[in-house]
Amino acid sequence: MADLYLRALESERKRLWAECRLKGLSRGTPERLRIEELDTLLAEHRAKRAG
């Protein structure tokens, strides 16, 4: 079964990362901080799935 939560997190991260690269946003901007938060959420979710 597809993990929709994981897909949503990955999709949001890819969208934000593309936006940051396009605009040349540096660290500390709200978008970059959200990417760091998403990385944490993704790692936690993958750890739960792995057991």
Side-chain angles (χ1 to χ4, degrees):
M1 186 167 96
D3 189 346
L4 299 179
Y5 179 69
L6 182 64
R7 281 188 168 184
L9 290 176
E10 290 173 340
S11 176
E12 182 181 358
R13 187 187 186 287
K14 286 179 186 178
R15 183 187 57 79
L16 283 171
W17 186 243
E19 183 180 336
C20 288
R21 285 190 321 206
L22 183 65
K23 293 181 179 178
L25 299 177
S26 62
R27 290 180 178 244
T29 58
E31 292 86 353
R32 292 288 294 261
L33 294 174
R34 178 63 180 158
I35 289 172
E36 291 174 17
E37 183 181 335
L38 287 170
D39 287 341
T40 304
L41 292 172
L42 284 165
E44 290 173 359
H45 187 70
R46 288 183 176 134
K48 284 181 189 174
R49 289 187 65 195

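Atoms CZ and CG, on Arg34 and Asp39 in that order, are 10.5 Å from each other to the nearest 0.5 Å. Note that CG of Asp3 is 9.5 Å distant from CZ of Arg46, once rounded to the nearest 0.5 Å. For the atom pair NZ of Lys14 and CG of Leu38, the computed distance is 12.5 Å after rounding to the nearest 0.5 Å. A distance of 11.0 Å separates CZ of Arg13 from CG of Leu9, quoted to the nearest 0.5 Å.
Applying the ring-ring contact (aromatic ring centres under 6.0 Å, His included) definition to pairs two or more places apart or across chains, those involving residues 11-51 are Tyr5-His45.
Not counting sequence neighbours, the partners of Arg15 by the side-chain contact (heavy atoms from CB on, under 4.5 Å) test are Glu12, Glu19. Listed by chain and residue number, Cys20, Lys23, Thr29, Glu31 satisfy the side-chain contact (heavy atoms from CB on, under 4.5 Å) test with Leu25 (two or more places apart in sequence, or in another chain).
Under the 4.5 Å side-chain heavy-atom criterion for ILVMFWY residues, no single connected hydrophobic cluster contains both Leu16 and Leu33.
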